[in-house]
Amino acid sequence: MFIQSRVNQIWFGLLVLALAIDVNTIINHTPMVPQQQWAQKIFYIHVPVAWTAFLSYFMVMVAGIAFLATKKTAWDRLGRAAAEIGTMFMILVLITGPIWARPIWGKPWVWEPRLTTSLILFLIYIGYFMLREFGGHPERIARYAAVLGIIAFIDVPIIFLSVKFWAPEVQSHPQVEMSQQPTGILGPFFYSLIVFTILYIFMMRFRIHTLKLQEEIETHAV
Amino acid sequence: MFRILLKKEFLVELKSKEISASMLTFGIAVILIFAFSFNVPPDIMSTFAPGLFWVMTLFISTLGLHRMYAYEKEFDAFGFLISAPVDRGLIFLAKWVSGTLYLVITDLFILPPFLLFLQLQVSVSIGLAALVLIFGNLGLMVLGSLVSGLAMRAKMSEVLLPVLLFPLASPVMIAATKASAGLLKGEPFQSWQVWVFILGTFIISFGLVGFLVFDHITEE
Amino acid sequence: MGLLGKNGTGKSTLLRVVAGLSSADGGEILFKDIAVRSTQTGNRKDLLYLGHAPGMYPGLSARENLEFAVRIYYPEKTGFPLESILEEVGLLSQADDPIKVYSQGMLQRLKLAVAKAIDWELLLFDEPFSGLDIQGRKLTQSFFDQCMNPRRSLLLVVHEIDWALEHCTRIIILGRGLVLYDHQNGPGARENVSRVFSEIMS
């Protein structure tokens, strides 16, 4: 069992601690950026969350390719877990993005390439879950979902590029200006990035575990 | 084999004319609605026109795609096709090529009333216009043929197709609209060639992926 | 080989699985040492699946559908005796009508024409006799009789127990998701088959 495992309990405890430290650092020990003030602090959450979301969607593609090659259920489970968790993080991206955008651009939404790509991917994944819901036979759903996961991620660079050329006036993405920002940002930022990545791996393991249990219940019910 | 499959697509369409009839009449109806809904001076209209044209083409494409896969299901011709010794990638290519051709022809028929009803005056190079039209439609259809394959067997396939297709096709829509706008304004090709390159990249990547993965989505 | 069973016991599904159309919950189907659900098309050229649905294009005529079916199996060959096959199954006079106006029996005859035109080694045929008139049944029967040779195998879904006992070399009965009976046909088979059948039908 996942929760009864001592190792997992220790991991969970460490993660809670690391997140608490992360929040404390962000609030008390990072420099204030002029003009942006408190809103800028969301950056330490927004970027790691976005990184995790894209990593997760990348995992969906990897799992998709592996599933089509091997037809092993484990890959489908990984793909499904990554799609779900990735979408959850994507929702956070789309919430935190506008919070950060307001003080910088003066309005909550601009067609910034990264943010736009996130939105489009999120919409594609709504379709992904509809396909999983209405696809029919489980084995077929697994194949179709694998294909869609591959298509979706291949679309990412093309979406990004086309949005970038489409709205060239939106260039002031703060991440690009990292070098011009006050010192003392990089350390806490990378710490946050690592904590979120570990959190992601932990969540993935847990979700894969529950999916496995769910499948067992379904097979026993029949 | 590809030629046989392509010939079959055209033969079915020539006999029934279902796809072309539905695409054309739908297109005309959309133009009428556009003309009523966007009652603006011609100079403003001309900035809207490329976007409207590609939105219309996108809607028309979903209609055509739906029919193209419906006749495969009706008498389970698809069942026979995939139990036969056919490379399924070729089935995808035949659908893609024939679908693009239907879409281009429909667009050509619809362009005159589109320009007439929306009171647009254009003078563009025919060659470049053809390039944009063909690339844009190839891009829409390469994705459409693939996504229709995914959606055709699902419940609510008529909902699933646009829900999946529209966000995935957003780069095609952006690039085709921008290229058409550049063309319409009479800008030199160099200033908007980037959009043609983006369309080309899209077509090549998804054409390749579609050819490779279609095998996995034909089976029930 | 005859596949029997009550409605909804998965006879047609089994046929589709064997043809590589549907996926099984587990296991693999091998035909000529190659899995039917694989990208290799080599073994599928000797396999013909004729399902419950016609498996053709409703807008095309019988001749066009037959020609397409043959072309799909033999892209290179020319000069097929399509006309004589259509005549054999009694469809020549209506060969140019779109098959969406065809009756069940005519569609069944068209399927028979496809089975005649293609040189299969394994034929999967779902209810070959459904909707046929007496003449059509005779045509189908005589075609099956011609096919009785060691190179060719037929897997048929049938409902007539007597027919199966008379013509099949092996009889399989499905029910409750299981194989209830699977034996070579022979003396004494009738009694066992009837017993299994009266059990599942009660």
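In what follows, every chain begins at residue 1, and chains take the letters A, B, ... in the order their sequences are listed.
With respect to chain B, the highest number of heavy-atom pairs below 4.5 Å among A/Phe122, A/Phe134, A/Phe160 belongs to A/Phe134. Per-residue counts of heavy-atom pairs under 4.5 Å with chain B were compared for A/Leu119, A/Ile150, A/Leu131; the largest is that of A/Leu131. Most heavy-atom pairs under 4.5 Å with chain A, from the set B/Val163, B/Val213, B/Leu150, B/Ile174: that is B/Leu150. Counting heavy-atom pairs closer than 4.5 Å to chain A, the top-ranked of the candidates B/Val172, B/Leu165, B/Leu160, B/Val194 is B/Leu160. Highest contact tally toward chain B, considering only A/Val163, A/Thr116, A/Leu148, is held by A/Leu148 [criterion: heavy-atom pairs under 4.5 Å].
Within a 6.0 Å radius of OH in A/Tyr191, other residues, nucleotides and ligands contribute more than 12 heavy atoms. Atom CZ of A/Phe12 is surrounded by 12 or fewer heavy atoms from other residues, nucleotides or ligands within 6.0 Å. Within a 6.0 Å sphere centred on CD of B/Glu187, other residues, nucleotides and ligands contribute more than 12 heavy atoms. Atom CD1 of B/Ile44 has more than 12 neighbouring heavy atoms from other residues, nucleotides or ligands inside a 6.0 Å radius. Remark: B/Trp192 CH2 is packed, more than 12 non-hydrogen atoms of other residues, nucleotides or ligands lying under 6.0 Å away. Taking a 6.0 Å sphere around CZ of B/Phe2, one finds it holds more than 12 heavy atoms contributed by other residues, nucleotides or ligands. Annotation for B/Lys73: atom NZ counts as buried by contact number, over 12 foreign heavy atoms lying within 6.0 Å.
Inter-residue side-chain proximity for A/Asp155 and B/Phe206 is flagged as met; some heavy-atom pair is nearer than 4.5 Å. Side-chain contact between A/Lys71 and B/His216 is present, with at least one heavy-atom pair separated by less than 4.5 Å. When side chains are defined from C-beta on, A/Ser162 counts as touching B/Trp195, because their heavy atoms get closer than 4.5 Å. At least one side-chain heavy atom of A/Met130 sits less than 4.5 Å from a side-chain heavy atom of B/Val159.
Under the side-chain hydrogen bond (donor to acceptor under 3.5 Å, both in side chains) criterion, B/Thr57 pairs with B/Asp107, not counting sequence neighbours.
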>> Please determine whether side-chain contact (heavy atoms from CB on, under 4.5 Å) holds for the pair A/Ile151 and B/Leu143, giving the CA-CA distance in whole Å, both sets of side-chain angles, and the decisive distance to 0.1 Å.
In response: CA-CA 9 Å; A/Ile151 304 175; B/Leu143 202 62; 4.2 Å; yes

> B/Asp215 and A/Leu68: side-chain contact (heavy atoms from CB on, under 4.5 Å), yes or no, with the steps?
Replying inline: CA-CA 10 Å; B/Asp215 197 35; A/Leu68 292 184; over 6 Å; no

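If you take CZ on B/Phe202 and CG on A/Leu161, they are separated by 13.0 Å, rounding to the nearest 0.5 Å. Note: A/Ile120 CD1 to B/Ser170 OG = 3.5 Å, rounded to the nearest 0.5 Å.
Here the shortest heavy-atom pairing between B/Pro171 and A/Ile158 reads CB-CG2, 3.8 Å. Residue B/Leu168 comes nearest to A/Ala152 through the heavy atom pair CD2-CA, 4.1 Å, listed as atom of the first residue, atom of the second, then distance. The two atoms that bring B/Pro167 and A/Ile124 nearest to each other are CB-CG1, 3.6 Å, heavy atoms only. Among all heavy-atom pairs drawn from A/Phe165 and B/Ile198, the shortest one is CD1-CD1, 3.8 Å.
With a 4.5 angstrom heavy-atom cutoff, A/Leu121 does not touch chain B via any of its atoms. Within the 4.5 angstrom heavy-atom criterion, only backbone atoms of A/Tyr128 (N, CA, C, O) approach chain B.
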